[in-house]
Asks: 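Below is one structure. I have some questions about it.
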Amino acid sequence: MKIGYPCVNESLDCTSTSTFRLASYSDERLELTVRNNLRCLLRILEFNVAQGMLFFRIGSGIVPFGSHPVNTFPWQTHFAAEFREVGDYIKAHNMRVSFHPDQFVVLNSPDAGIVERSIAELVYQGSMLDLMGLDSTHKLQIHVGGLYGDRELAITRFIDTYRRLPAAVTARLVIENDDRLFSLQDCLRVHAAVDIPILFDNFHHECLNHGEPMAEALQLAASTWHPERDGTMMMDYSSQAVGERKGKHTSSLIEELFREFLTHLQGVNPDIMLEIKDKEISARRAVAILHELGLASPAPQSLPI
DNA sequence: ACTCGTCAAGCCGAA
DNA sequence: TTCGGCTTGACGAGT
């Protein structure tokens, strides 16, 4: 099992998702920003390896306006060596990475323009994994999308659109159960139609479910991943922030709840993304717990600092 | 130098 | 009808 956290490292003095306003776009500025973002990404990965955190969600903003028509800079070829360097580092240290395209990627929208832009964004993010030389075990994670007042139609539209996606996207695309609209059961129906893996979110499942116990839900989600093609199951982990709005992530890892969650794995072997506000601080604590329980993968080269 | 409204993109649902 | 929230800040105009 690998532990990770999303997008932002709060310990380092750099960011891998630096961007700028569309109005101030220039090729020069794009070139500079991408260069700095990739350099920082490598630093974050090095930090993570030193702490035993081998899973990381790369922010969508590595290449600002990566799928926007304003950006005609040939960043794929211009930064081929830098992307390759990052990918080589990931492979050399047995790391796993993912992307989570933001809420504007809606494959089941009835608006053809939204679908078109969504696909372009998925192609952009998938192409970064290609440039890194990473295989289809590194994933692009999205939600099913909107309801539009008709769940059946919404699911059907997702399936129809999925079947039209380029192979470079479908090889890596996974769907995540969400906390309000599309449950694990809904995702399983999409999976049954097109064989897409389900990225399980324990907290969302607590917010929206059909009574499946956690252990059963984990088994169901795990069964949608083909080890050869997809690698081991990915999941997002969080818990409710005490005293806050329902669905709000906790600000730091609550160890008792995390340990309790681990008892439901029962043979399931997920890589776990901690969606917790304090990022690498909690991730480090989770790594220590896995080491203590003998669940960390691979065996630590050195104990966490 | 610092603040703070706003930033490419969508959707739901509470207020 | 507006607005907060969502995986996540930080750009940059105005002072």
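A note on names: the letters A, B, ... follow the listed sequences, proteins ahead of strands, and every chain is numbered from 1.
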Asks: Nearest to the side chain of A:Val8 - C:dT8, C:dC11, C:dG5?
Replies: C:dT8

Asks: When rounded to the nearest Å, what value does the distance between P atoms of C:dA10 and B:dG10 take?
Replies: 24 Å

Asks: Mind checking the P distance from B:dC7 to C:dC3? Whole angstroms is fine.
Replies: 14 Å

Asks: Mind telling me whether A:His68 and A:Phe65 have parallel, tilted or perpendicular rings, with 30° and 60° as the class edges?
Replies: perpendicular

Asks: Tell me: CD1 of A:Ile62 to P of C:dT8, nearest whole Å?
Replies: 17 Å

Asks: If we count only N and O atoms by modelled type, under 3.5 Å, do the side chains of A:Asn177 and A:Gln185 hold a donor and an acceptor together?
Replies: no

Asks: Using a heavy-atom cut-off of under 4.0 Å over every strand shown, decide if A:Thr19 touches base, sugar-phosphate, or nothing.
Replies: sugar-phosphate

Asks: Report the distance from atom CG of A:Asp13 to atom P of C:dA10, rounded to the nearest whole Å.
Replies: 12 Å

Asks: Do we get A:Arg151 above A:Phe182's six-membered ring, with its NZ or CZ under 6.0 Å from the centre and within 45° of the axis?
Replies: yes

Asks: Using whole Å, what does the distance between atom P of nucleotide C:dG4 and atom CZ of A:Arg180 come to?
Replies: 15 Å

Asks: So if I apply the side chain to side chain contact (heavy atoms under 4.5 Å, CB included) rule between A:Asp179 and each of A:His205, A:Glu206, A:His204, which one comes out positive?
Replies: A:His204

Asks: Between A:Thr17 and A:Cys7, name the one whose nearest nucleotide on DNA chain C is closer to the 5' end.
Replies: A:Cys7

Asks: Expressed as a whole number of angstroms, how long is the span from A:Phe104:CZ to C:dT8:P?
Replies: 14 Å

Asks: Considering only atom C1', compute the distance from B:dG5 to C:dG4 and round it to an integer number of Å.
Replies: 16 Å

Asks: Hydrogens and angles aside, do A:Ser238 and A:Glu275 bring a side-chain donor and acceptor to less than 3.5 Å of each other?
Replies: no

Asks: Which residues in residues 96-103 of chain A have at least one heavy atom lying under 4.0 Å from any atom of DNA chain B?
Replies: A:Asp102, A:Gln103

Asks: May I ask you to test the A:Ile159-A:Val190 pair for a side-chain heavy-atom distance under 4.5 Å?
Replies: yes

Asks: Using the P atom on both, measure C:dC11 against C:dT7 and round to a whole Å.
Replies: 23 Å

Asks: Of all nucleotides in DNA chain B that come within under 4.0 Å of a heavy atom of chain A, which is furthest toward the 5' end and which toward the 3' end?
Replies: B:dG5 to B:dG13

Asks: I'd like the P distance from C:dT2 over to B:dT6, given in whole Å.
Replies: 15 Å

Asks: When all nucleic acid strands are considered with a 4.0 Å heavy-atom cut-off, which category describes A:Gly146: base, sugar-phosphate, or nothing?
Replies: sugar-phosphate

Asks: Which nucleotide wins on minimum distance to the side chain of A:Lys277, given the candidates C:dG9, C:dT7, C:dG12?
Replies: C:dG9

Asks: Please say yes or no: joined through hydrophobic side-chain contacts below 4.5 Å, possibly via intermediate residues, are A:Leu12 and A:Ile62 part of one cluster?
Replies: yes

Asks: Run the side-chain contact (heavy atoms from CB on, under 4.5 Å) test on A:Leu131 and A:Trp75 for me, step by step, so that the C-alpha distance in whole Å, both residues' side-chain angles and the decisive distance to 0.1 Å come before the verdict.
Replies: CA-CA 11 Å; A:Leu131 287 168; A:Trp75 53 269; 3.8 Å; yes

Asks: State whether A:Arg285 and A:Glu280 are salt-bridged, where the test is any N-O pair (Lys NZ or Arg NE/NH1/NH2 against Asp/Glu carboxylate O) under 4.0 Å.
Replies: no

Asks: Measuring only between side-chain heavy atoms, which start at C-beta, is A:Leu218 closer than 4.5 Å to A:Met235?
Replies: yes

Asks: Let me know the distance between CG of A:Asp178 and P of C:dC6, rounded to the nearest Å.
Replies: 13 Å

Asks: Rounded to whole angstrom, note down the C1' distance from B:dA14 over to C:dT8.
Replies: 23 Å

Asks: Just to be sure I understand the rule, does A:Ser67 reach a base, reach only the sugar-phosphate, or reach nothing, if contact means heavy atoms closer than 4.0 Å?
Replies: base

Asks: Which comes earlier along DNA chain C counting from the 5' end, the contact point of A:Ser18 or that of A:Lys279, where each point is its nearest nucleotide?
Replies: A:Lys279

Asks: Starting at CE of A:Met273 and ending at C1' of C:dC6, how long is that distance when rounded to a whole Å?
Replies: 17 Å

Asks: For A:Glu82 and A:His78, test the side chains for any donor-to-acceptor distance below 3.5 angstrom and give the result as yes or no.
Replies: no

Asks: Which whole-number value in Å describes the distance from A:Ile276 CD1 to C:dT8 C1'?
Replies: 15 Å

Asks: Look at all strands and tell whether A:Ser24 reaches a base, only sugar-phosphate, or nothing, counting heavy atoms closer than 4.0 Å.
Replies: sugar-phosphate

Asks: Indicate, with a heavy-atom threshold strictly under 4.0 Å, whether A:Tyr148 touches base, sugar-phosphate, or nothing.
Replies: sugar-phosphate

Asks: Strictly below 4.0 Å, N to O, side chains only: are A:Arg43 and A:Asp13 in salt-bridge contact?
Replies: yes

Asks: If we ignore angles and hydrogens, is there a donor and acceptor under 3.5 Å between the side chains of A:Thr137 and A:Asp135?
Replies: yes

Asks: Rounding to a whole Å, what distance do you find between A:His249:NE2 and C:dC6:C1'?
Replies: 9 Å

Asks: What stems show up for DNA chain B when you take Watson-Crick pairs (N1-N3 plus N6-O4 or O6-N4) and G-U wobbles (N1-O2, O6-N3), both under 3.5 Å, and require three or more consecutive pairs?
Replies: B:1-7 with C:9-15, B:10-15 with C:1-6

Asks: Looking only at side-chain atoms of A:Lys248, point me to the closest of C:dT7, C:dC6, C:dG12.
Replies: C:dC6

